[in-house]
S.K.: 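Quick one: structure below, then a few questions.
Since we're looking at a predicted model, the values are computed, not measured. Chain naming here is simple, since letters A, B, ... match the order of the sequence lines and numbering starts at 1 in each.
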There are 2 protein chains.
Amino acid sequence: MSTPEWSGGELEVRELRYFVAIAEELHFGRAATRLGMAQPPLSRAIRELERRLGAQLLERTTRRVSLTAAGDVLLRDARVALEAVTAAARRTRHAARPAPTLRVALKADYDAGLLPGILAAYHEQAAAIAVDLLLGGRGEQEQALRDGRADVGLLPTPAEARGLDVEPLLTEPRLVALAATDPLADRPTLSLADLHGRLLPDDLPASSAPRDLAQIFMLVELGTIIWYPPRSLAERHPRLGVVYRRVTDLTPSTLCVAWPSDCRSPAVAAFVRAAATVSAAAG
Amino acid sequence: MSTPEWSGGELEVRELRYFVAIAEELHFGRAATRLGMAQPPLSRAIRELERRLGAQLLERTTRRVSLTAAGDVLLRDARVALEAVTAAARRTRHAARPAPTLRVALKADYDAGLLPGILAAYHEQAAAIAVDLLLGGRGEQEQALRDGRADVGLLPTPAEARGLDVEPLLTEPRLVALAATDPLADRPTLSLADLHGRLLPDDLPASSAPRDLAQIFMLVELGTIIWYPPRSLAERHPRLGVVYRRVTDLTPSTLCVAWPSDCRSPAVAAFVRAAATVSAAAG
DNA sequence: CGGATTCATATCCTGGCGGTATGAGTACAC
DNA sequence: GTGTACTCATACCGCCAGGATATGAATCCG
């Protein structure tokens, strides 16, 4: 049962990149420019791809290009496959370095104070190697783990865990951060209904979205936004002009350790063990 | 941050296939034969791959080939990436068929009797399309889901859920199937300790491993092996010469519905909903 | 020490892939 | 309705990537 439904040649990474570019641009000319090539060979490559798959991927008139159902399927799967290929290259290049490191992806200040303990426990283990910290914003940890830039991650409840193994470490409530001058700041406890309609950091347009804690604090102090940090983060960042209040019905935040599910590296295993140990001791 | 750590060209599917073949054979000549090509171009391709990755993948003397640490990393990741590429092709080809079907992978008799109900509930939904059943042995369901031959699976507690989303449907105890003539058959209840040392179907060498229920039953009746079927399966297969007994400390079996985690097909969603509904009604 | 085995090197050649020039179909202005 | 601009398809050319064959070099074994 090596290859039962064989209906033509082999998919190639180059073709997948071409197709993704066109599917995203829906325009052969622009896609060709983005790929750094001319339009005709691109047209021909897609036609060849369609022939080999026995599937029409794009509806095209001379004025409009659109995806077929099959094209939509390929777009999703091609992105996943390309990600896997680049991850393979990145991980291999890293593994070949004279002294490979354990690359830990995390979001600054979202370690619930566990990081120093975890690192200490990790370094005591035999399988431990040097650690590189990879700081990133919301969601970048998952991306880094999937595309091979990181080996293990420390992150609050991953939304998109596809391809990752996850181990929860610590669950803690989130608070709401308000301007001290906010009318609601007088009340010791709030509910989500009280906060309905308030802007969160993610609600701002990308151009003015805050990129770090200092920017978030400024916007909170001004009353532009409110913010739901985990309790441990709030406790470590007392700040004039900003108050924290409990919110009765706000879902808590769970700090997790995550790693690519096909990973067999002893260093990653050691890190996960260390994290589990420290969280058990803390919990 | 398009491609920060750029250290040479692009990995290609062809090269990954070459590398996997060599890594598995650890012999250039045999790998070349398997790939249907001559040995020299294969050697050159691997050398080029190593140059582009900046990583030595294989230690070779004229008499022995072995994987380096980096090669081991690439072998794992290349397999995953190749699987993703062939899955993309298979799914696209299937989606392009005039009337695509929902391909349900399952293990015969391991549906806990839920399948008819699930199919009925599924077909009542608007998003339902025709169903193809894909029967396979242990572990083949996961494989089929990952490589694009199946869209959704019904399977007992998947061991290797990498890249799959899983929803548990029904947990039920497993029993032990014994020859009626077995001394232990006199006792109403057993423990794992009583059965220590007995052969299970998986313990047999691949050549004589049973491939279906009839073969398993024969071996059980002969006393060659014992077997741990889920209760619902045992109930539907009473059989002369074989008795079922409860085992106090045997882990139960959970029937699950599983699907590729990046899937957005409405037909799959409908099937999962139907399965959840039926299992809730049954539970 | 000689033969067998196996990976590397040298050289040739074909076909795939990209480029340029041009055709053809469609939307839109007026 | 007709011209114009836009965009995808076709035709054709040229280069080099990648495969084949022949041979060399290194190691193991008797």
Side-chain angles (χ1 to χ4, degrees), chain A residues 7-68 70-71 74-75 78 82 85 89, chain B residues 7-68 70-71 74-75 78 82 85 89:
Chain A
S7 22
E10 183 73 56
L11 251 50
E12 270 302 335
V13 166
R14 182 183 50 82
E15 302 177 294
L16 293 180
R17 293 208 189 281
Y18 289 180
F19 176 73
V20 169
I22 295 193
E24 283 174 357
E25 301 281 351
L26 292 177
H27 189 289
F28 281 73
R30 281 196 296 274
T33 307
R34 202 175 100 182
L35 292 166
M37 66 186 293
Q39 169 260 320
L42 182 56
S43 286
R44 198 180 47 187
I46 297 297
R47 182 162 287 282
E48 173 67 11
L49 178 62
E50 289 180 319
R51 193 192 62 75
R52 281 217 297 263
L53 285 172
Q56 182 159 7
L57 302 171
L58 300 166
E59 297 281 358
R60 35 233 211 247
T61 70
T62 55
R63 304 296 295 176
R64 177 176 251 81
V65 176
S66 60
L67 281 177
T68 63
L74 182 59
L75 177 56
L82 289 175
V85 171
Chain B
S7 18
E10 182 73 55
L11 250 49
E12 272 301 335
V13 167
R14 183 183 47 85
E15 301 176 297
L16 294 180
R17 292 208 190 281
Y18 289 1
F19 175 73
V20 169
I22 295 193
E24 284 175 358
E25 300 283 351
L26 291 179
H27 188 289
F28 280 73
R30 280 195 298 274
T33 306
R34 203 175 100 183
L35 293 166
M37 65 187 292
Q39 168 260 320
L42 182 57
S43 287
R44 198 179 49 187
I46 297 296
R47 182 163 287 282
E48 173 66 12
L49 178 63
E50 290 181 319
R51 194 193 59 76
R52 281 218 297 267
L53 285 172
Q56 181 156 8
L57 302 171
L58 300 165
E59 297 281 0
R60 35 229 204 256
T61 70
T62 56
R63 303 297 294 175
R64 177 177 250 81
V65 176
S66 60
L67 282 176
T68 62
L74 183 59
L75 177 57
L82 290 175
V85 171

S.K.: Under 3.5 Å, is there any donor-acceptor pair linking the side chain of B:Arg14 to the base of D:dG18?
M.R.: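 Looking at the base of D:dG18, it does not pair with any donor or acceptor on the side chain of B:Arg14 (distance under 3.5 Å).
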
S.K.: First locate atom CG of A:Leu67, then atom CG of A:Leu26, and finally report the distance between them rounded to the nearest 0.5 Å.
M.R.: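 Nearest 0.5 Å value for the CG-CG distance: 5.5 Å.
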
S.K.: Would you kindly give the CD-to-C1' distance between A:Glu12 and C:dG16, to the nearest whole Å?
M.R.: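 Spelled out: CD on A:Glu12 to C1' on C:dG16 is 12 Å.
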
S.K.: Would you tabulate the side-chain donor-acceptor contacts of residues 37-47 of chain B under 3.5 Å, counting partners in other chains and residues two or more places apart, or write 'none'?
M.R.:
unit_1, atom_1, unit_2, atom_2, d
B:Gln39, NE2, B:Ser43, OG, 3.0

S.K.: What residues in residues 28-42 of chain A put a non-hydrogen atom under 4.0 Å from any atom of DNA chain D?
M.R.: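 Close to the strand are A:Phe28, A:Gly29, A:Gln39, A:Pro40.
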
S.K.: May I ask you to evaluate whether A:Ser43 reaches the phosphate of D:dA9, defined as a side-chain N or O under 4.0 Å from OP1 or OP2?
M.R.: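 Result: yes.
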
S.K.: Let me see the working for A:Leu58 and A:Thr68 under side-chain contact (heavy atoms from CB on, under 4.5 Å), right down to the final yes or no.
M.R.: CA-CA 5 Å; A:Leu58 300 166; A:Thr68 63; 5.8 Å; no

S.K.: Please report the distance, rounded to the nearest Å, between CZ in B:Arg47 and P in D:dA17.
M.R.: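 Between P of D:dA17 and CZ of B:Arg47: 17 Å.
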
S.K.: For the atom pair CZ (A:Arg14) and CD (B:Glu12), what is the distance rounded to the nearest 0.5 Å?
M.R.: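 With rounding to 0.5 Å, CZ (A:Arg14) is 7.0 Å from CD (B:Glu12).
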
S.K.: Rounded to the nearest 0.5 Å, what's the gap from CD on A:Glu50 to CD on A:Glu48? Could you check?
M.R.: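 One gets 10.5 Å once the value is rounded to the nearest 0.5 Å.
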
S.K.: Provide, to the nearest angstrom, the distance between the CD atom belonging to B:Glu59 and the P atom belonging to D:dT27.
M.R.: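 Checked: the CD to P distance equals 14 Å.
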
S.K.: Testing the basics here: between A:Ala70 and A:Gln56, what is the closest heavy-atom pair and its distance to 0.1 Å?
M.R.: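 Taking every non-hydrogen atom into account, CB-O, 3.9 Å.
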
S.K.: Given atom CD1 of B:Ile46 and atom P of C:dC7, what is their separation to the nearest angstrom?
M.R.: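 So the two atoms are 12 Å apart, to the nearest Å.
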
S.K.: Enumerate all atom pairs, one protein N or O and one N or O from nucleotides 26-28 of chain C, separated by less than 3.5 Å.
M.R.:
unit_1, atom_1, unit_2, atom_2, d
C:dT26, O4', A:Thr62, OG1, 2.9

S.K.: Heavy atoms, side chains only, cut-off 4.5 Å: are B:Leu53 and B:Leu11 in contact?
M.R.: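 B:Leu53 vs B:Leu11: side chains touch.
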
S.K.: Heavy atoms within less than 4.0 Å of DNA chain D: which residues of residues 17-27 of chain B have one? Give them sorted by number.
M.R.: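 Heavy-atom contacts with DNA chain D come from B:Tyr18.
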
S.K.: Could you work out, with side chain to side chain contact (heavy atoms under 4.5 Å, CB included) as the rule, every residue matching A:Thr61, not counting sequence neighbours?
M.R.: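 With neighbours one apart ignored, the set is A:Arg63, A:Arg64.
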
S.K.: Can you measure B:Leu49 atom CG to D:dA17 atom P for me and round it to whole angstrom units?
M.R.: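 Going from CG in B:Leu49 over to P in D:dA17 covers 16 Å.
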
S.K.: Between atom CZ in B:Arg51 and atom P in C:dA8, what is the gap in whole Å?
M.R.: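 For the pair B:Arg51 CZ and C:dA8 P, the rounded distance is 16 Å.
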
S.K.: Quick one: A:Arg44 CZ to C:dG19 P, roughly how many Å, whole number?
M.R.: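 Whole-Å distance recorded here is 10 Å.
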
S.K.: Rounded to the nearest 0.5 Å, how far apart are CZ of B:Arg30 and CD of B:Glu24?
M.R.: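 Between B:Arg30 CZ and B:Glu24 CD, I get 12.5 Å after rounding to 0.5 Å.
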
S.K.: Take atom CD of A:Glu50 and atom P of D:dC8, then tell me their distance rounded to the nearest Å.
M.R.: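 About 13 Å, once rounded to whole Å.
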
S.K.: What is the minimum heavy-atom distance between B:Arg52 and B:Glu10, and which atoms define it?
M.R.: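 Taking B:Arg52 first and B:Glu10 second, the nearest heavy atoms are NH2-O, 3.0 Å.
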
S.K.: In degrees rounded to 10°, what angle is found between the helical axes fit to the five outermost pairs at each end of the helix from C:dC1-D:dG30 to C:dC30-D:dG1?
M.R.: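 Its terminal axes enclose an angle near 30°.
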
S.K.: To the nearest 0.5 Å, how far apart are CZ in A:Phe19 and CG in A:Leu74?
M.R.: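 Separation between the atoms: 4.5 Å.
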
